[in-house]
Amino acid sequence: MNTNIYYKSIFGSTKKYANWLQITTGANLFKLNKIDTKNIDAADNIILMSGTYAGQMPLIKTLVSNWNNLKDKNVIVIAVGAAAASDKQSEISYELIPAEIRKNIKYFKLPGQTLNQVKNCVKKDNILPIISILEEK
Ligand SMILES: Cc1cc2nc3c(=O)[nH]c(=O)nc-3n(C[C@H](O)[C@H](O)[C@H](O)COP(=O)(O)O)c2cc1C
């Protein structure tokens, strides 16, 4: 199974997760703005990932504008952020993804770095649920 990862990271946490996923699965790694029909076509699994900034996830614009080419793939969306997955704030960000698309993706919120970082929340084990999904296929 071919997997392509497209990521955008400003402060480095999403990049760390993207690199760990790439090393563990042998996926192809691209910057989010490098997505195009040619490299989507050959992939079975597509992972789109970005940090969350003031509620916005840059990956959403890419997801929506490429949805016609992505809709028949196994699409995994990963938001990285300081707010816990269960926070209302994270739910609001998730709901910025159009409902039709939400029904057809697998979504994860992974811990990113916080401003006054006391402990490091960006851990390799956080990607294990995503690895499991890729191994199911
Ligand atoms: C200006 C700013 C706004 C942020 N807003 C959010 C937010 O709305 N929700 C959230 O979960 N995390 C938020 N964060 C935390 C970032 O998502 C976190 O630092 C993450 O690691 C960013 O991804 P990156 O390191 O790949 O750039 C914010 C961080 C900054 C600096």
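In listed order, ligands and their atoms are each counted from 1.
Contact annotation: the side chain of L110 approaches that of I130 to within less than 4.5 Å [non-hydrogen atoms, C-beta and beyond].
Within the listing of ligand 1, atoms 10 (C), 11 (O), 12 (N), 17 (O) sit less than 4.0 angstrom from a heavy atom of G81. Near I10, meaning under 4.0 Å from one of its heavy atoms, ligand 1 places the atoms 24 (P), 26 (O), 27 (O). Of all the atoms in ligand 1, the ones that sit under 4.0 Å from a non-hydrogen atom of V80 are 17 (O). Of all the atoms in ligand 1, the ones that sit under 4.0 Å from a non-hydrogen atom of G112 are 21 (O).
Closest of all the heavy-atom pairs between T14 and S9 is N-OG, 3.5 Å. Across all non-hydrogen atoms, the minimal contact from F108 to I133 is CZ-CD1, 3.5 Å. Nearest heavy atoms, K73 versus D41: NZ-O, 3.0 Å. Nearest heavy atom pair, residue L59 against residue I78, reads CD2-O, 3.4 Å.
The single protein non-hydrogen atom nearest to atom 2 (C) of ligand 1 is A54 N, 4.4 Å, given as residue, atom name and distance. In this structure, atom 22 (C) of ligand 1 lies nearest to the protein heavy atom Y53 CE2, 3.7 Å. The nearest protein atom to atom 30 (C) of ligand 1, hydrogens excluded, is given as F11 CE1, 4.4 Å; this is a heavy-atom distance. Looking only at heavy atoms of the protein, atom 19 (O) of ligand 1 is closest to Q113 O, 2.7 Å. Considering only non-hydrogen protein atoms, atom 12 (N) of ligand 1 sits nearest to A82 N, 3.0 Å. Protein heavy atom in closest approach to atom 7 (C) of ligand 1: Q89 NE2, 3.4 Å. G55 N, 2.7 Å is the protein heavy atom nearest to atom 8 (O) of ligand 1. Of all protein heavy atoms, the one closest to atom 6 (C) of ligand 1 is T52 O, 3.3 Å.
Residue contacts with ligand 1, taken as heavy atom pairs separated by less than 4.0 Å, involve K109 solely via side-chain atoms from C-beta onward.
Ligand 1 lies less than 4.0 angstrom from a heavy atom belonging to G12.
For ligand 1, the polar-atom distance check finds an N/O of S9 within less than 3.5 Å of one of the ligand's N/O atoms. Below 3.5 Å of separation, one finds no N or O of G51 facing any N or O of ligand 1. Every N/O-N/O distance between S93 and ligand 1 stays at or above 3.5 Å.
Hydrophobic clustering of Ile, Leu, Val, Met, Phe, Trp and Tyr side chains at less than 4.5 Å, counting indirect connections, unites I60 with I35.
Crowding of K61 atom NZ: a count of heavy atoms from other residues, nucleotides or ligands under 6.0 Å not exceeding 12. Within 6.0 Å of the NZ atom in K71, the count of heavy atoms belonging to other residues, nucleotides or ligands exceeds 12.
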Checklist entry - side chain to side chain contact (heavy atoms under 4.5 Å, CB included) between I47 and Y7: does it pass, once the steps are laid out? => result CA-CA 8 Å; I47 301 179; Y7 76 96; over 6 Å; no

Side-chain atoms of residues 87-97: list all donor-acceptor pairs with protein atoms under 3.5 Å, sequence neighbours left out, distances to 0.1 Å.
residue, atom, partner, partner atom, Å
K88, NZ, E91, OE2, 3.4
S90, OG, A84, O, 2.7
S90, OG, K109, NZ, 3.0
S93, OG, G55, O, 2.9
S93, OG, Q89, O, 3.2

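In this structure, a donor-acceptor pair under 3.5 Å is absent between the side chains of N33 and Y6.
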